[in-house]
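Everything below concerns the one structure shown next.
What you see is a predicted model, and the numbers here were worked out from it, not measured in a lab. A note on names: the letters A, B, ... follow the listed sequences, proteins ahead of strands, and every chain is numbered from 1.
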Amino acid sequence: MMMHEVLKLLFKKPFTNKFPAKYAPKSTYGFIKLVKEGKAQIIPPVPTPPKFRGKLKYDRESCVGCGLCVKVCPAKAIELVTYKEEPKEEGARPKIIRKIRIYIGRCVYCSQCVDICPRNSLSMTDEFLLANEDKLAKELIVE
Amino acid sequence: MLTEIEQILYIIIGTFLVSAFGILFGLSAKGIDRKLAAHMQWRVGPPLLQPFYDVKKLLVKESVVPQNAVSWLFNSAPIVCLASTIVILLYIPLGPFNPVLQGYGDAILILYLLTIPSLAMVAGGFASGSPFATVGAQREMVLMMAYEFPLATAIVALAWKMNIVAPSLPAFSLTTFAQHPIWDVVGPLGFIGAVILLVVLIIVTPGEIAKVPFDIAEAETEIAEGVLVEYSGRNLGLFYLADAVKAVVLSSLIVALFFPYNLSPLLAGYISLPNICWNVVDFLFFLLKIEIVLFVAMTFIRVSVARFKVDQVVRAYWLYLTVAAIIGLVLIVLDGMAI
Amino acid sequence: MSGGKKYTIPVGPLHPAVHEPITIKIDVEGEHIVGVDVFCSQVHRGIEWLGMNRNNPIQSIYLSERVCGICNICHPLCMVQAVEKAAEIMPTERAEYIRVIMAELERIHSHLLWAGVAGHEIGFDTVFHYTWALREAVMDLIEYLTGNRVTKAIMMFGGVRRDIDETGVRKIKEGMQYYLERFHKIEEIFLHDPTIKMRTRDVGILTREDALKLCAVGPTVRASGIPKDVRQDFPYAAYADIGVDAITPDMYNGEVHGDVFDRIIVRLLEVKQSIEIINAALDNMPSGPILAEPNLVKLQMLLKKADGEGVGRVEAPRGEDIHYVRLRKGEEPFFSWKIRAPTYNNLLPWIPMLMGEQIADVPIIAASTDPCMSCLNRVTVVDVNSSKEYVLTKEKLHELSIRKTRRLMRNAH
């Protein structure tokens, strides 16, 4: 019988994690603004475990531009970008540099690129609050 | 004596006040119900004022009328539903205040009036021109026929007792019930009978206000809100209000029949307050009583059982509740004979 | 309420009773169902096509995960097994155990999710919220082990991508203890609540004969008293070491009705069985590498060179899942990829289950097979010229199947 159980639950704390606020704020943007100004507080989310797969972090310096990550990305979220660096000496051929650009808006967080990267240039952070109305927003492109 | 014009004015103002009370308190009660239900389900639930936000939103939304609906019937059903629900409230004493239309109607009239909101829903459902609404309307009719009998039996049993206790007063008048609370006038047998009748009325309540387990006419997982499936915007808002008011009606009817007590006679010996303050205290006490009845009849029942099927509802009302109501009636009659 | 006019109610493609797009047209007389027809194929997503044309095999693992949001160990596991057979890769022993643990964690989560949904379908929302709250523990466990709650991304050809360390083992043991302690509560709610019993006992009966005839799978067929379970009949991964017996409702109370209540019994007992399997797997888990070929570049070359076909069979929470994969030398995408999700088999049993029941039973009967439409929908036939959809007859489909088999055979050599 549930009758007994529901009466017990009535006096128990709700199971729900009230992230980010107990009730939906009147205006989401207004709420975010208040939080940024320090006038309101976000109820923290459930902590993420150590192996959590969140937003990708890219170490541009160590990347050699091999393009393996581009090949295995199931969502085709990674693009290989070539830059031409003007030579320091007159007459020399321009140096070509290959780096990647990651579109987080397309990322499916499988972490396959992290596994295959020969230089360990990629890693996953625990950042997951990535909702945005623009999938090409600056925060959603890692390069 | 009031003059005729004064009396008309009194009725008009009273009607406004009672409608405002019914709607505002109905919505607050709904908010409390949702909050308590949420806690019993181990979750936070909406803010207390959520029903007000809902109505506000519904009233500004567009009311869509389906192409194959009978539009005049479709549009008038919610108005009839809300209006008739508020009318019932005018015949029920609200705590220390006598009914606005006192003397114009009694428990029998209330029984009849209680069917009108359901009939309006049935009409609205059939007028929607949707198979889901049609099924919902059919179910609403079945449900209505099912709970009517135990409800009537319970009220007749109480009135029969009132007739014995106070032969000079009109037996079906709710004022009579208020003057002679049922618990004070029955012996031990009658007491058991009255308890049974109270339980019957409490189980009829979720049927009347379409709550689980008797919400078969609206059953959202089966027939997608049934009678209400095609309603939107203002029309849906009116049904929503009618539902809120109906909960107040049913619970104040139970309070009037079974718990017509006021706090003032009890406390008057200890504290002295002006009359108006006593009215306020009694009224708050009345609201508390309504909340308790609603908690048991609406919130608690609906979170602890599954929805019944049509045949199970009919069996529950026609067989178990009717038998219970008749046993209650017999016990009260036997009790009366013993005296 | 019988003898009235007969009319048709469309349940779906969008209806609260079926949470995914599918249409059940039911003919009713009053409240009684006198005719049922099921129309599927409303969420075709071209997953197999992508696997055969766009993706390399590694990309397809993550694609197969997205065949279904709930069975996203079963589908990749099944696909990975098929590819391993095709490319003759042997997964490591430890990985086999980790696969079993992950699959059983998923079964616990899927069955608890189903139990909640079933509660909601019969209007018992408290049960819904309650079981889903209990389900959080296994979700957190999955998040700890794989890095995300839903998409686990743990399968790889030749093994798994993440190992279970000491803390992981401890956490799983704690989690299993949590469920063992609460199991009696779940049992009390589902098997002893009078209103749940009232709504599910002798409702949606699938007889033993019908279940066999219509090739039902998973808890649906087991509830009809047929001990059919891939883990028992054709053990894969480490199931052979552990030993699994198919669960039938007579194990609980000695009788088989084949109704919705029996399906509840089977699923609840399977939750308990999963807990036991996980504990056994943890105790017997050998040490060693988790990947047969840790170098992914080499693995890709290996798969490109491979030529052959393989079939993967996995007992998903909903029933037997089958993936067929053919690899051709020199080609990266699969030459052929065919998915047969369990819901496909469990749709037709709806018809004998629903016949003669009431409208009120439709949601719970439909839910009792735990349908998953996005798993099911693998093909939509569209005439490109007129862009019209049409239905294939049995003869036409048979002819097309023969043609496809010939094509695959021809290309095998």
Side-chain angles (χ1 to χ4, degrees), chain A residues 1-10 12-19 45-57 64 66-78 104 106-120 122-130, chain C residues 50-51 54-66 76 119 124-127 129-130 132-136 139-156 161-163 165 167-168 171 185 188-190 192-196 291 294-297 299-300 332:
Chain A
M1 283 294 270
M2 218 46 207
M3 299 208 169
H4 178 61
E5 194 63 40
V6 292
L7 284 182
K8 265 201 294 188
L9 287 176
L10 184 59
K12 244 177 163 177
K13 232 178 112 212
F15 186 86
T16 324
N17 176 49
K18 302 178 195 80
F19 170 76
V46 178
T48 52
K51 290 186 212 163
F52 185 76
R53 288 177 275 128
K55 187 182 174 184
L56 275 168
K57 203 171 113 198
V64 290
C66 65
L68 278 174
C69 48
V70 181
K71 249 196 113 194
V72 292
C73 180
K76 304 219 182 285
I78 310 178
I104 300 292
R106 280 192 71 95
C107 179
V108 296
Y109 309 97
C110 65
S111 138
Q112 188 62 59
C113 50
V114 178
D115 281 15
I116 206 164
C117 183
R119 303 290 301 247
N120 293 331
L122 288 163
S123 58
M124 295 209 116
T125 60
D126 59 358
E127 198 185 336
F128 65 91
L129 295 172
L130 303 168
Chain C
L50 285 176
R54 192 194 78 163
N55 283 358
N56 59 38
I58 289 185
Q59 288 175 319
S60 290
I61 297 178
Y62 306 104
L63 185 65
S64 69
E65 242 180 31
R66 282 154 182 82
F124 207 157
D125 282 350
T126 311
V127 166
H129 293 294
Y130 194 81
W132 279 39
L134 292 181
R135 174 174 161 265
E136 271 317 287
M139 298 306 283
D140 285 347
L141 202 53
I142 289 172
E143 189 185 20
Y144 179 82
L145 294 171
T146 69
N148 261 344
R149 280 161 62 90
V150 178
T151 46
K152 288 135 191 139
I154 196 169
M155 289 300 155
M156 180 47 69
R161 291 179 55 204
R162 278 152 197 265
D163 203 355
D165 57 6
T167 347
K171 285 218 170 194
K185 223 169 208 175
E188 174 82 26
I189 292 171
F190 280 96
H192 299 296
D193 187 280
T195 50
I196 291 188
L291 275 174
N295 188 332
L296 290 173
V297 183
L299 182 72
Q300 273 190 313
E332 273 215 307

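In plain terms, the two heavy atoms of C:Asp163 and A:Lys51 that are nearest each other are O-NZ, 3.3 Å.
In terms of modelled atom types and a separation under 3.5 Å, the side chain of C:Arg161 and the main chain of A:Asp115 share no donor-acceptor contact.
The 12-atom threshold is not exceeded at NZ of A:Lys57, counting heavy atoms of other residues, nucleotides or ligands nearer than 6.0 Å.
Rounded to the nearest 0.5 Å, atoms CG (C:Asp140) and OG1 (A:Thr48) are 11.5 Å apart. With rounding to the nearest 0.5 Å, the separation of CG in C:Leu296 from SG in A:Cys117 is 11.5 Å. With rounding to the nearest 0.5 Å, the separation of CD in C:Gln59 from NZ in A:Lys71 is 9.0 Å. Within the model, atoms SG of A:Cys73 and OH of C:Tyr62 stand 10.0 Å from one another, a figure rounded to the nearest 0.5 Å. From C:Arg149, atom CZ reaches atom CZ of A:Arg53 across 13.0 Å, with rounding to the nearest 0.5 Å.
When each of A:Gly54, A:Pro74, A:Pro50 is checked for heavy-atom pairs under 4.5 Å with chain C, A:Pro74 comes out on top. Chosen from C:Asn55, C:Asn148, C:Thr126, C:Thr195, the residue pairing most often with chain A at heavy-atom distances under 4.5 Å is C:Asn148. For the set C:Arg66, C:Met156, C:His129, the count of heavy-atom pairs under 4.5 angstrom toward chain A peaks at C:Arg66.
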Could you walk me through whether A:Val46 and C:Glu136 pass the side chain to side chain contact (heavy atoms under 4.5 Å, CB included) check? CA-CA 11 Å; A:Val46 178; C:Glu136 271 317 287; over 6 Å; no
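Of the two parts of C:Leu145, only the backbone, made up of N, CA, C and O, holds a non-hydrogen atom closer than 4.5 Å to a non-hydrogen atom of chain A. Residue A:Thr16 does not touch chain C at all, counting heavy-atom pairs closer than 4.5 Å. For A:Tyr109, the parts lying near chain C are the backbone and the side chain together; criterion is any non-hydrogen pair under 4.5 Å. If you measure heavy-atom distances from C:Glu65 to chain A, you find no contacts under 4.5 Å at all. The part of A:Leu68 that comes within reach of chain C is its side chain, from C-beta onward, which places non-hydrogen atoms under 4.5 angstrom from that chain. Only the side chain of A:Phe15 comes within contact range of chain C, with at least one heavy atom under 4.5 Å from a heavy atom of that chain.
Here the side chains of A:Pro49 and C:Lys171 are not in contact, with every heavy-atom distance at 4.5 Å or above.
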